[in-house]
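Note on naming: letters A, B, ... go to the chains in the order of the sequence lines (proteins, then strands), and numbering restarts at 1 for each one.
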Number of protein chains: 2
Amino acid sequence: MKKTTENIVFKDDSKQLARFAKALGHPTRIAILKHLEHQSCCFTGDLVDIFPLAQSTISQHLKELKDAGLIQGEVNPPKIKYCINKENWKTAKALFQGFFE
Amino acid sequence: MKKTTENIVFKDDSKQLARFAKALGHPTRIAILKHLEHQSCCFTGDLVDIFPLAQSTISQHLKELKDAGLIQGEVNPPKIKYCINKENWKTAKALFQGFFE
DNA sequence: ATAACCAATCGTACTTTTACGATTGGAAAT
DNA sequence: ATTTCCAATCGTAAAAGTACGATTGGTTAT
């Protein structure tokens, strides 16, 4: 068996914390989340206006945040409304809090 | 001018937070930091024993943590003692706390 | 039906990260 | 002086991340 990080047994908490941290590890994604915290929800288009980045790039960042569980999207035709995923947000907060004790 | 993230103006806090988060974005580095929190300091060799990773890989992770400012190394011949950088740790803690409010 | 609109996905290029073994460098011990 | 030991650095390969423009898909309006 090839020796990769996947074969190391980490505590679930460490893995989950690293997963959240990784999602937070880009200034654009921090900015997106700060924006969402501020006004609870927003549309992809809003962000495209705010950041000088291509629509596809913003979409990619949103996907990362969604995959990490930090946000969720609701269809709100013809737009998609993104909000903080409050449950996972609480989990993340607790994990970081515990980590920094 | 090429349009890259570097040309976007982020708040310093967002950049710093993303920087810390990125450093925390790998389970091995989380585990290293948890280990350091536990026993305040350790040597590279200790970690090489704990993790089934090559010495050079551990060294690389330590460098990342050092570059992000989360740890610091003191020469303690013939070994090098790594400790949490308490000042920056406090900063990181405050930034994450503020972020999750 | 078709046009318009928003956002996801595809294809692509480039950079960065993660891992390894091998080598180097510096300090302590023989 | 030489050997030993620890840890950093180098070189390299494979995978993941970041960005773009172009395309697709699904909804609402015309």
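Across all their heavy atoms, B:Glu74 and B:Cys83 have their closest contact at OE2-SG, 4.2 Å. Between B:Leu70 and B:Ala92, the closest heavy-atom pair is CD2-CB, 4.2 Å. The nearest pair of heavy atoms linking B:Glu37 to A:Glu101 is OE2-OE1, 3.1 Å.
Listed by chain and number, the residues in a side-chain contact (heavy atoms from CB on, under 4.5 Å) with A:Gln97 are A:Lys93 (sequence neighbours excluded).
Atom-to-atom, CD1 of A:Ile58 to P of D:dT18 comes out at 13 Å; the value is rounded to the nearest Å. Atom CG of B:Asp67 and atom C1' of C:dT17 are 13 Å apart (whole Å). When rounded to the nearest whole Å, the span between CG of B:Leu62 and C1' of D:dT9 equals 14 Å. Here C:dT17 presents its C1' atom at 7 Å from CD of B:Glu64, a figure rounded to the nearest Å. If you take CD1 of B:Ile71 and C1' of D:dA8, they are 13 Å apart, rounded to a whole angstrom. Rounding to whole angstrom units, NE2 of residue B:His26 and C1' of C:dT17 are separated by 9 Å. Nucleotide C:dA8 holds its P atom 12 Å from the CG atom of A:Leu65, rounded to whole Å. Protein atom CD of B:Gln60 is 11 Å distant from nucleotide atom C1' of D:dA8, rounded to whole Å.
Side-chain atoms of B:Ser56 lie closest to C:dA22 of the nucleotides D:dA7, C:dA22, C:dA7. The A:Arg29 side chain lies nearest to D:dT18 when the options are D:dT18, C:dA7, D:dA7. Nearest nucleotide to the side chain of A:Lys63, out of C:dT9, D:dT18, C:dC20: C:dT9.
Note: A:Phe20 and A:Phe96 fail the aromatic proximity criterion, with ring centroids not under 6.0 Å apart.
Within the 4.0 Å cut-off from OP1 or OP2 of D:dC20, at least one side-chain nitrogen or oxygen of A:Thr57 is found. Checking the phosphate oxygens (OP1, OP2) of D:dC6, no side-chain nitrogen or oxygen of B:Tyr82 falls inside 4.0 Å. Side-chain N/O atoms of A:Ser59 include none lying less than 4.0 angstrom from OP1 or OP2 on C:dA7. Residue B:Lys22 places at least one side-chain N or O closer than 4.0 Å to OP1 or OP2 of C:dT17.
A donor-acceptor contact under 3.5 angstrom links the side-chain atoms of A:Gln55 to the base of C:dA8.
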